[in-house]
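Remarks on the structure that follows.
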Amino acid sequence: MERREMSAAKIDLFSSSGTRESDLVSSDSDEMSLSTRISKLRRSMRLRTSTTEHVSVTPDVSVSLENFEEDEVQEEEEEKEEYEDVQRCFGLFKTKRRKTKKARSVSFLELFKFSTGVERLLILIGVLAGACQGVLAPMYTIVAGEIMGEFGDVQGFLTNPEAILERINDHALIFVYMGIGAAVAGILQVYLMMWTSQRQSRRMRKLFLRSLLSQDMGWYEEVDSAEVAQGAALDIHVVEDGIGDKVATAVQSVTMFIGGMLIGLIYSWQLTLVILAMAPLLVATSYLFAQTAGGAIVDGQTAYAKAGAVAYEAFSMIRVVASCGLEKTEAARYSDMLEGATRAGIRKSFWHALGSGLTNCTLICSYGLAFWYGSLLVRGGTILGQDVFIVIFAVIIGAMALGDGSQAINAINEARGAAPKVFEIISRKSEIDAFNQEGKAGAELLGNIEFIDVKFGYRSRSDALALKGLNLSIEAGSTVALVGESGSGKTTTMNLLERFYDPTDGSVLLDGIELDQFNVAWLRGQIGYVSQTPTLFAMSIKDNIALGGKVGVYTGEDGGLQVRQENVSMEEVIAAAKAANAHDFIMELPCGYDTIVGDRGAQLSGGQKQRIAIARALSRDPKILLFDEATSALDNTSERLVQKAMDNVREGRTVVVIAHRLSTIRNADKIVVFEDGMIRQQGTHEQLVANDTGIYSNLVKLQKSASESDAEQDDVGSAIDRQEYTAEESQGCGDSVCKPTTTATSTMDATTIEMDQDQEENEHVARKGALRRAMSLNKPEWPYFVIGIFCALIGGLLWPAWSLIMAEIGVLVLTTNDEGEVRFYTIMFAVLGFAMLFSHFLGLYVFGVAGERLMKRLRNMAFEVVIRQSVGFFDLRENSAGSLTSRLGPDVAKLRGAVGERQMHYVYMTSILVFSIIIAFSSCWSIALVVLACMPVMTLGPVIQVRLMRGLSAKLAQLLASANSIATSAVDCVQTVTALGAGEKFLNDYDSELELPAQIGKRKALINGLAYGFTQFCSYGIYAVTAWFMSKVIYWGWCDFLQGLRAGSALTFGAIAAGMSMTLLPEAAEAGSAAKRVFGLIDMKSAIDPMDEGGEIMEKCRGEVELNDVVFQYPARPEQTVLKGLSVKVGKGRTLALVGPSGAGKSTVAMLAERFYDPTAGEVKIDGKPLPAWNTASMRDHIGFVTQEPELFSTTVRENIAHGLRKAEGTVVTEDEIVEAAKLANAHEFVMKLPHGYDTQVGAHGAKLSGGQRQRIAIARAVVRKPPILLLDEATSAVDSKSERIVQSALSKAAVGRTTIVIAHRLSTVVNAETIAVVSEGRIVETGNHADLMSIPDGVYASLYKQQEL
């Protein structure tokens, strides 16, 4: 008490400045951490910014800035900007000014900041192996030059051929030794770099998820969580690519360049300097490409992340999409997001094509210049002819290495560009970090809670305070109920108590200690929290309840205290379930506690989900219980029993309840009435009701039926007890919803990824067909293909032509060295160079355009196919929103390995090979035959690589999609995960899911390394065989040196082309596997296709709905019969109310009427025709559907309401229609109070609005279409009493002339329905109007109704 008075005095003393002394100086300053002080300073600054909009005088009075003079307003605005600048320094929030900053990139070494010491050692070995590879290539030129000199020694061949042959044999043997060295270095280079990059990638993924789960809720207000998660998946993949074998390749290229330069300078510094004169142009082109294409790549990644977020949102809200007919709207939104990525990809293709063309042109011209100047030096006697070859090839190979390494360097630069977004979030320190071990923990809590002059405004609505000077005291062990209209600040109060946010000003105390002094995880571990919309995860019921385990304090390895969540035993799970009235219905399920609940609990009814959420909160035996509308989705019987259980467990606990059903809180020790962020009344139920003019008294009067009976209703009988526990899932349980007790991934052996031989062959055939089909979708771009193929053929001819000119000028330099002929061939080099520029630029560009358009087309096709699937498709575990989004992204992206520029490469390399073989055979058939016979050996490595990796890519993609699904669901439901303190659990599950992909990745790295090493050995081996056999052929007289050199040069270029083609095989194989998966998705047929043009168009709808002997099982649970011969009919303009226990099948009836599913047996009819006879989209246009748990799209209020009215393309929903619907749903008034009115962003799933506000927007979305049929599934469950009455009145007016099917647990809302049907165990057990049903002795409806009395 003394502390409270002192705090109040301090507040009065410093209120004028907006900064409390306790924010800056604390009597506990010795114990207060630096981070806590900074946190307090930040809050004081936020107060300064918030007071520019509101100056609080008393809890009941506020002074608007409109009363200030204009110059004072301007001063306040300037002061606000100054404080915002300070806030930016602390990183408190993002602003437009911040977004305009140029995106930075990290340094090269920073890319490896998450590597371990052992990994750095392995990386060093891999880099050194790459450097060895780079040294070997220039050394090859010395050996090759020496061999050329031997061949050019015509006199030696005549006088002592045996000596020359022996020297050539010795040089050929050196090639073999170099091949062995290259093989070993190649294996180490690829294997070590790929493996370590995968390990770092796994670590980054886990750290990234950890950071996301540690962020405070205020940060999530400013970001799109789905976009962040999807963007991170792409960015981490880019970083992994940039720190893998690309690093060793880049080092190899650099050392090759340095080695080439050194050899050139040693043999002829003059010729080397002349060649290097062209180097600035090569560097300039590479830099131009890196700078321009890099920006396009980042833009493309950002656009794809946004598209992924759109897809995830649409798939996770498929019921809203289906009911509103938004399939085409969402497809168009997804396509719009892809358009930016396509444009960025085309820009990248342009600069890539130009850079490649200029590089090749510069390279060929450099050869011409070098040979011309080298011939001058030979004629001057400065150097020997063979030295010209050594210098030219060494320097040019070094320069080419930089060009070849540009892709690796670009990959590294892309990683440097993508890394900041990942690293920034990983390193971001949250103001409220649940993983931070600092703070007080372990003390015995009493449970005294106190709010002292608390002001708070959400960051997304900083100009409006949600709490305006809240003063509230809650004594330990008491039950306090918070009531009031939706949006009045009740949920915000709980959010502050859970420390999802810190107050802008004021203090929240627990047992006299400010909340920010406690360890965050320990604090939340003392609180059991059930939110307005219960969120379950796609795991078993047992695991869902166990997520709420106790939080204990342990001694860590360093001797300090460590807070972590304890395991929950099966006995504790069962005890919590019994306390929440969930045990009996769970045991009715054949799989019991091992039943998988589906994504967000989709396999359970709303009431069942809520009871499991309550059990989860009770499983930790909390000292404080927070119930935010915890029983809103329960039927009255279950509510009565759960309420009794809650009364039992509240002993010794502090309980805070938010309720709109006043029947649930009449026994509370204190009832607090909120209005506009302030407390207007508080007292007991009796005290508040005694004030006839008070707000609470008026709320009670608005509820005609509310409170549960104090005594047990024995006359309800065993029929009710049986009905209340009956679940929709009670008739059986297939394997698809049962979960083994251990995680499947953890017990999977790596051998499970193997495929039998027949399956491999089938996969191979399927891949080839899928690739052909993918290419056939490029038909609209056929003019591009004609141009591209022509350019590829021209380019393919130019390379063999280049080899001919090289042979001719090479022999000239070694023999006659005629100046005129050398000049001629020099000019031919220039002609070839510019021809190469033209063919490369135009060919790569047009193929790139075609490829980008194909990628967009495939993504659009895949999205449209998925979005048009029936709702039952999304119920299946393998079709979670996260998994489907992953299949749309990486799988389609992998097709780039076989289309676009890759298509030109295939044509290009094939034409090079063909023309090279023709030239070689026409020059010297014997050499051509031997070299050609060796080429299949070069292809052996890549072919074996493809065969060994067959099936790995598909399995890896599947496993990564599964892991990504865990991460996405955790981030999507971050508030629930944070409240439960289950972050470590999700991190461990995520890490376990990444274990098998890591094993597969290691195997892939080894296969790639062996294949690369083998290919390198074969390359040097072919050089050895060619040199040895050419010497023999010339010695035997089968051809002369010029003919042999022509054949050898042509086939060398052909071998290079073949080798480059083979290196693309693994990528092509992955593309084929990805194509198969993509087309497997595209070829899916929907059982209920809303985009199908078939069926009779429903021009007008009378509104007659009928279900005849309907039997139904959900597709995900085929062995469980939900409806068992249910028959019910509602006539035109009539109202049918469905009541009964949770899980009886009521919501299923509504979903069948919407044709989310088709019945297993029986018929569902509208206007006398079975639903399949109608066109699905036109039929749904005549139905307005409000679900039990309303979900909104992450757009504006206006767009969310407009989504309810599907009009012809190009027709805009008018403002009048939107406002009219909002007024009808009693939403217009609160919408106009939002910062931007109807243009206010609602956040992911409507997270920036309260539950009642979301529900009213959802009702507005349903009524804006003025439907003949209204389906209201607990449409007012989250609406306060005042709003409920207004909305109910509005709905009653809207229902005039319309057919209405209402599902309700509040029987007061359906007493006026013409027909009331009581549903139990999938059957109708009673029907009639309210009076008829009340007259049935011991009737089910009458018993339920008697439990609801004021």
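On a predicted model such as this, the values are computed, not experimentally measured, just so you know.
Within the model, atoms CG of Leu122 and CG of Leu192 stand 5.5 Å from one another, a figure rounded to the nearest 0.5 Å. With rounding to the nearest 0.5 Å, the separation of CG in Asp241 from NZ in Lys246 is 4.0 Å. A distance of 9.0 Å separates CG of Asp818 from CZ of Arg823, quoted to the nearest 0.5 Å. Between the CG atom of Leu377 and the CD atom of Gln270 there is a distance of 5.5 Å, given to the nearest 0.5 Å. Between the CH2 atom of Trp195 and the CD1 atom of Ile123 there is a distance of 11.0 Å, given to the nearest 0.5 Å. A distance of 10.0 Å separates CG in Leu188 from CD in Gln133, rounded to the nearest 0.5 Å.
With sequence neighbours left out, the ring pair (Phe, Tyr, Trp, His ring centres under 6.0 Å) criterion links Trp925 to no other residue. For Asp387, there are no salt bridge (charged side-chain N to carboxylate O under 4.0 Å, His left out) partners, not counting sequence neighbours. Residues satisfying the side chain to side chain contact (heavy atoms under 4.5 Å, CB included) criterion with Ile412, sequence neighbours excluded, are Phe108, Leu111, Val247, Ala250, Arg416. Remark: Ser197 engages Glu240, Ile243 in a side chain to side chain contact (heavy atoms under 4.5 Å, CB included) (not counting sequence neighbours). In this structure, Phe1017 has no ring pair (Phe, Tyr, Trp, His ring centres under 6.0 Å) partners at least two apart in sequence or on a different chain. Remark: Cys1039 engages Cys924, Ile927, Val1033, Gln1043 in a side chain to side chain contact (heavy atoms under 4.5 Å, CB included) (not counting sequence neighbours). The salt bridge (charged side-chain N to carboxylate O under 4.0 Å, His left out) search around Glu166 returns none, not counting sequence neighbours. Applying the salt bridge (charged side-chain N to carboxylate O under 4.0 Å, His left out) criterion to Arg379, with sequence neighbours excluded, gives no partner residue. In this view, Glu146 satisfies the salt bridge (charged side-chain N to carboxylate O under 4.0 Å, His left out) rule with no residue, not counting sequence neighbours. Leu832 pairs by the side chain to side chain contact (heavy atoms under 4.5 Å, CB included) definition with Ile364, Leu798, Ala801, Trp802, Ile805, not counting sequence neighbours. The side-chain hydrogen bond (donor to acceptor under 3.5 Å, both in side chains) search around Glu821 returns none, not counting sequence neighbours.
Residues Asp1040 and Ile1034 have side chains not in contact (no heavy-atom distance under 4.5 Å, counting atoms from C-beta outward). Tyr1012 places none of its side-chain heavy atoms less than 4.5 Å from the side chain of Asp245. A 4.5 Å side-chain heavy-atom check between Val391 and Ile275 finds at least one atom pair inside the cut-off. Residues Ser926 and Val930 fail the side-chain proximity criterion, which asks for heavy atoms closer than 4.5 Å. Under the 4.5 Å side-chain criterion, counting only non-hydrogen atoms from C-beta, Ile187 is not in contact with Phe1014.
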> Between Tyr1020 and Leu136, does a side-chain contact (heavy atoms from CB on, under 4.5 Å) hold up when you go through it step by step?
Replying inline: CA-CA 10 Å; Tyr1020 285 98; Leu136 287 173; 3.6 Å; yes
>> Quick one, Leu837 with Leu358, criterion side-chain contact (heavy atoms from CB on, under 4.5 Å). Give me CA distance, side-chain angles, the key distance, then yes/no.
In response: CA-CA 6 Å; Leu837 168 62; Leu358 285 173; 3.9 Å; yes
> For Phe790 and Val846, what are the C-alpha separation, side-chain angles and deciding distance, and is it a side-chain contact (heavy atoms from CB on, under 4.5 Å)?
Replying inline: CA-CA 11 Å; Phe790 173 76; Val846 295; over 6 Å; no
>> Go through it in stages, so that I can follow the logic: the residues are Val143 and Met139, the test is side-chain contact (heavy atoms from CB on, under 4.5 Å), and I'd like the CA-CA distance, side-chain angles, deciding distance and then a yes or no.
In response: CA-CA 7 Å; Val143 180; Met139 288 176 60; 5.8 Å; no
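Here the shortest heavy-atom pairing between Phe175 and Ile147 reads CE1-CD1, 3.5 Å. Considering all non-hydrogen atoms of both residues, Val135 and Thr255 come closest at N-OG1, 4.3 Å. Across all non-hydrogen atoms, the minimal contact from Cys132 to Ala185 is CB-CB, 4.3 Å. Heavy-atom minimum distance, Val822 versus Ser375: CG1-OG, 3.5 Å. The nearest pair of heavy atoms linking Ala1047 to Ser923 is N-CB, 4.0 Å. In terms of heavy-atom proximity, Ala1027 sits nearest to Ile168 at O-CG2, 3.6 Å.
Residue-environment remark: CZ (Phe921) exceeds the threshold of 12 foreign heavy atoms within 6.0 Å.
Aromatic ring orientation, Trp1036 versus Trp1038: tilted (interplanar angle from 30° to 60°).
For residues 168-182, the set of pairs meeting the side chain to side chain donor-acceptor pair (under 3.5 Å) definition, not counting sequence neighbours, is empty.
For Tyr1023 and Tyr140, the ring centers are positioned less than 6.0 Å apart.
Panel note: side chain Ser1019, backbone Thr1015; a donor-acceptor pair is recorded below 3.5 Å.
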